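Okay, so here's the structure we're looking at.
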Amino acid sequence: MKTTILGYPRIGTRRELKFATEDFWAGRIDAAALEKAGADLRGAVWTGLRDAGLDAIPSNTFSFYDQVLDTSVLVDAVPERYRGLDGLDRYFAMARGVQDIPAMEMTKWFDTNYHYIVPELGPDMRFRLPGGVTSKPVAEYLEARALGIETRPVLVGPLTYLLLAKPAADAPAGFRPLDLLDGLVEVYAELLERLAGAGTEWVQLDEPALVADRTDGEVAALARAYARLGELSSRPRLLVATYFGTIGAEALRALASSRVEAVGLDFVAGPGNLDVLASVGGLLRKTVVAGVVDGRNIWRADRQRAEAACATLLGLADQVVVSTSCSLLHVPIDLDAEDALDPAVRGRLAFARQKVGEVVALGEALGEDAAGPAAQVPASTAGIDHEVRARLDTLGGSSRGDRETRFAAQRASLGLPDLATTTIGSFPQTPEVRRVRADRRAGRISEDDYSQAMQQEIARVIALQEELGLDVLVHGEPERNDMVQYFAEQLDGYAATEHGWVQSYGSRYVRPPILHSDVARPRPMTVAWTTYAQGLTSKPVKGMLTGPVTMLAWSFVRDDQPLAETARQVALALRDEIGDLESAGIRIVQVDEPALRELLPLRAAGHAAYLDWAVGAFRLATSGVADTTQIHTHMCYSEFGEIIDAIGALDADVTSVEAARSHMELVGDLRAAGYENGIGPGVYDIHSPRVPSADEIEENLRRALQAVEPAKLWVNPDCGLKTRAYPETEAALRNLVTAARRVREDAAAR
C-alpha cells in the first residue's frame, strides 16, 4: 500500500443521491429503488478510485444521510420513540422526525459545515449488532468485492462516537456517554471478527476527537479500547485515522503502544503532527498514513512541500502511505465539470477527483520509479485592492451606544409587542421560483421579466405574513440561491462554481464559493429587494445579510493571508451594505452568523485569538448604525457553550438561536452568562417535515420565559424556511402566532 484516501463524496456527480432520497421521501420511488440508487453510486466511486490507480480504497463511507447516524443504527443505539418503525422509515425518522415523533438533535461535525445526527445515550443502553442480518460495513465490503475491488471498511471510532454523543433526556446527573465504552468496544470487536470472516484485510477507525483537548481519563479510555481491539485473535489490520488538527502527544503514545498497525495523521490542518511524532520517538513499527493532500480546501497541493513531509516521515515510521488529510466528503467532486471559471483561478484548484490524482502522483514520486520533477503549483494570482486595505487601516472604533439606550430607542421606534413574532429569513423556494432563476442564468428571460417574477413572489410572501399575523416580516429571499453564494456572486474577490456541490446534511447540498482575492462591494446587493418589500407593508421588514465569519466558513478561502484579515474585508463590505439599508429606511437588519461556533479552533489554546477577530469582524460590520436601527443575528446547529461570552460580545440587539431540538437549553445558558439583549429561541425545528402544535410551541415559550423577560423574548422558527413546503410552513407559522398570542395575553394578565 502506497496510496489511499480517507473517504470520498457520496452524493454523485449529478447529485443523484439527493434526487433519489427526496423521491423516496415524497413517495415517488420505493425502498428498493432507493437502495439500488445507493448501490449504483457506491459502485461508481469504487471503480473510479480503482481506475485512478489508488492502492487502497475505502468503503462504508456511503450514507443515505449521515455516517454517525449510520453508526447509531449499526450498534442499535436507537431511542425508544423510534422502535415502532422499521428499516428506512426508522432511519429517516431519526434524522428528520415524523409528525408525532421529533427528530434527534443535529450539530456540526467538528469545525466543518457538515452536520451529524447526535447520538442519544443513557446508562441502560445495551449496544448490539443486528442478529441474522449482514451489517452495513460487511455488506458494502462484499458488494465491492463482487465487483472485483478490495476495500477498507471505514467506521466511526468508538471513542469519537461516544464523545460526540449526548446523555438522553432521562439520563441521571453525572452520566457520561463515555461510561459506555467497554460495552461498545465489545460490539466493535464482534464487528471486526465478522469483517475478518468476510475476508477484510484492513479496517479504518476514524478518531478525529483525538485532535481536540482530551483529559487523562479520555486518553486512558482510548488506550483501553484499542488494547482490547488489538488483542483480538481474528481481526483485520487496523488503521486509526485522525484529522482536522494535531493529535495530542499522550493520545499518540497510547496508539503507539497498542497493536494497531497504522495511524493516520493530518499534516495540512495539523503541521504540528511532525513534532508530536518525533516527540514520541516515531512509529517505527507501524505505518503512518500521511495526510499531505488537503481534504478540506480546493487549492492544489504544493507537491514539493508534500514530498518533503513524506521524506521526513520515512525516518519516523516503518512505512509511509500518501493520503488525503481527511475524507474528501468536504470538497466538490470534479473540477473538469467547471467550464466557466477564470483560468487564472482554475489553475490553482483541485477537487476530489483531482486530489486523488495528486495522491497517486505523490505515491509514485516517493516510490522507486519516481515520476520525475515535481509539478509546480501556479503562482498566486490573488488580486490586491489597495482602496479596501487603506479604508481598513484608517477605520475607527467598532462599538455602539449602551444596550439599554438602544433598547428604549428601538422599542419606541418599532412599536413591537412583547414576544414579537418573526421568521429567520427565507421562505419556501418553489419549483417556479427556481425555474425563473435558472431561466435568467440561461438567458431565456430578460432582466425585466426576472425582476417582475421576483417582485410577484415577494408580494405574495409579504401578503402571507400579513395574513398570518407576524409582527416583523421578511421578503422571503426568492432571488437567493444560497445565503453565502448569493453574496459571493456580487462581491469582488469571489468566484462561483456551476457544479461544485458539497453535502451539508441529508439532502441539503451547497456550492461553496471560492474566495481567491481581496474582497470589495462594487454596488448594493440587497437594498432594492428589501425596500420593495418594505413598500408593501407598514410593518418592519428585516434586511437580511450573511455575516463575515459565515462568509468565510462556508466558502473555500484563500490560504495566502490570515483568516482575520480576510474577515475584515468581508465585514467592510457588509458595513457599507447595512449603511445603505439604513439610509433606505430599513429599521431592522439581521446579520446571520451560524458558523461562529463552527470555526472555533478544536483546542482551547486557540479560542481567544479566534474569538477576538471573529467578534471584531461582526462589530466592524454592524457598528455604523444609529441606536434606533435594530441589529439581529442568527445562529443554528452548533454547540454554543464554549462561546457564550462571545455571543454577548457581538452586541447584537437580538440573537436568534436553534433551540427546539435541544429543548431551550441555550436560553438558560445565555442568561446565566449575563446576556441581557433580546433572544429568539427557535420554537420549532424546520429541518423536520412535522408541523408542531400550538400547544408544543407554547410549552417551549413558557420554558424560555423562565429565563427571558417578555419584552426581550422573540418568537421564531429554528432557521430559514427555504427547504420546506408551503402547506407545512403555513400551518407551523399559524401555530407559532397562536402560541405567541396566548402566552403574550397570559403574561399581560399577570
Side-chain angles (χ1 to χ4, degrees), residues 1-8 10 38-39 41-50 52-63 67-68 70-71 73-76 127-161 184-207 225-243 255 258-264 286-289 318-319 321 323-324 327-329 356:
M1 182 169 68
K2 294 186 299 184
T3 58
T4 192
I5 60 173
L6 298 187
Y8 199 79
R10 55 207 180 209
L41 288 169
R42 292 190 294 269
V45 168
W46 294 328
T47 55
L49 295 177
R50 177 197 61 192
L54 207 62
D55 293 319
I57 296 169
S59 62
N60 197 44
T61 58
F62 176 84
S63 176
Q67 69 268 15
V68 181
D70 291 352
T71 306
V73 172
L74 172 67
V75 301
D76 200 32
F127 301 111
R128 68 182 186 91
L129 293 179
V133 178
T134 301
S135 62
K136 180 177 179 291
V138 176
E140 292 190 11
Y141 169 78
L142 294 174
E143 187 181 319
R145 197 168 69 178
L147 297 174
I149 301 172
E150 181 67 25
T151 62
R152 180 185 70 250
V154 178
L155 308 171
V156 177
L159 191 82
T160 291
Y161 176 78
L184 181 61
V185 168
E186 290 307 312
V187 173
Y188 272 68
E190 181 183 349
L191 177 58
L192 290 175
E193 289 170 345
R194 289 191 189 185
L195 286 164
T200 308
E201 297 180 8
W202 280 90
V203 166
Q204 175 180 321
L205 293 151
D206 282 357
E207 294 284 11
Y226 284 97
R228 171 68 181 117
L229 297 178
E231 71 183 10
L232 294 173
S233 58
S234 176
R235 65 169 177 83
R237 286 176 284 181
L238 302 179
L239 158 61
V240 177
T242 70
Y243 41 84
L255 292 176
S258 73
R259 295 183 180 181
V260 304
E261 284 78 14
V263 176
K286 300 185 188 302
T287 295
V288 169
V289 176
D318 178 61
Q319 183 186 8
V321 175
S323 180
T324 51
S327 171
L328 294 172
L329 171 72
V356 171

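Just so you know, these numbers come straight off a predicted model, no measurement behind them.
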**CG-CG distance between Leu155 and Leu205, expressed to the nearest 0.5 angstrom** = 5.5 Å

**Message:** For Thr242 and Glu207, which I'm curious about, is there any donor-acceptor pair between the side chains at under 3.5 Å?
**Reply:** no

**Request:** Could you tell me whether the side chain of Leu239 reaches within less than 4.5 Å of the side chain of Val321, counting heavy atoms only?
**Result:** no

**Residues that Lys286 engages under salt bridge (Lys or Arg N to Asp or Glu O under 4.0 Å), provided they are two or more places apart** = none

**Request:** To the nearest 0.5 Å, tell me how far Tyr141 OH sits from Thr134 OG1.
**Result:** 13.5 Å

**Prompt:** Hey, are the side chains of Arg10 and Val45 touching, using non-hydrogen atoms and a 4.5 Å cut-off?
**Reply:** no

**Request:** In sequence, state the C-alpha distance, the side-chain angles, and the governing distance for Leu191 and Val203, and then conclude on side chain to side chain contact (heavy atoms under 4.5 Å, CB included).
**Result:** CA-CA 10 Å; Leu191 177 58; Val203 166; over 6 Å; no

**Request:** Only counting residues at least two apart or in another chain, list the ones meeting side-chain contact (heavy atoms from CB on, under 4.5 Å) with Ser323.
**Result:** Thr4, Leu6, Val289

**Complete:** Residues passing the side chain to side chain donor-acceptor pair (under 3.5 Å) test with Ser63, sequence neighbours excluded, are Asp70, Tyr91

**Those residues that, when tested against Glu193, pass side-chain contact (heavy atoms from CB on, under 4.5 Å) (two or more places apart)** = Leu232

**Fill in**
Residues at least two apart in sequence or cross-chain that pass side chain to side chain donor-acceptor pair (under 3.5 Å) with Asp318, listed by chain then number, are none

**Fill in**
Hits for salt bridge (Lys or Arg N to Asp or Glu O under 4.0 Å) against Glu190, two or more places apart or cross-chain, chain-then-number order -> Arg194

**Item:** Heavy-atom closest contact (Val263 atom, Val260 atom, distance)
**Value:** CG2-CG2, 4.4 Å

**Asked** Roughly how far apart are Leu238 CG and Tyr188 OH, rounded to 0.5 Å?
**Response** 12.0 Å

**Prompt:** Who passes salt bridge (Lys or Arg N to Asp or Glu O under 4.0 Å) against Glu143, sequence neighbours left out?
**Reply:** Arg42

**Message:** Can you tell me if Arg259 has over 12 outside heavy atoms packed within less than 6.0 Å of its CZ?
**Reply:** no

**Request:** Report yes if some heavy atom in the side chain of Leu74 is under 4.5 Å from a heavy atom in the side chain of Leu129; otherwise report no.
**Result:** yes

**Message:** Checking Arg228 now: which residues fulfil side chain to side chain donor-acceptor pair (under 3.5 Å) with it, not counting sequence neighbours?
**Reply:** Glu186, Glu231

**Complete:** Residue set satisfying side-chain contact (heavy atoms from CB on, under 4.5 Å) with Ala227, at least two apart, ordered chain then number -> none

**Prompt:** Is there side-chain contact between Thr200 and Leu192, with heavy atoms separated by less than 4.5 Å?
**Reply:** no

**Request:** Spell out, as yes or no, whether a donor-acceptor pair under 3.5 Å connects the side chain of Thr160 to the backbone of Val156.
**Result:** no

**Complete:** In this structure, CZ of Arg152 is separated from CD of Glu201 (nearest 0.5 Å) by 11.5 Å

**Prompt:** Is Asp76 reaching over with its side chain to a backbone N or O of Arg128, donor-acceptor style, under 3.5 angstrom?
**Reply:** no

**Item:** Which residues share a side chain to side chain donor-acceptor pair (under 3.5 Å) with Thr61, sequence neighbours left out
**Value:** none

**Prompt:** Distance from Leu329 atom CG to Gln67 atom CD, nearest 0.5 Å?
**Reply:** 6.5 Å

**Request:** Applying ring-ring contact (aromatic ring centres under 6.0 Å, His included), name anything that partners Phe62, two or more places apart in sequence or on another chain.
**Result:** Phe64

**Fill in**
Sorted by chain and residue number, the salt bridge (Lys or Arg N to Asp or Glu O under 4.0 Å) partners of Arg235 (sequence neighbours excluded) come out as Glu261

**Message:** With a 4.5 Å cut-off on side-chain heavy atoms, are Tyr243 and Asp206 touching?
**Reply:** yes

**Request:** Output the distance between atom CZ (Arg145) and atom CG (Leu147), rounded to the nearest 0.5 Å.
**Result:** 12.0 Å

**Residue from Ser59, Pro137, Pro58 passing side-chain contact (heavy atoms from CB on, under 4.5 Å) with Thr151** = Ser59

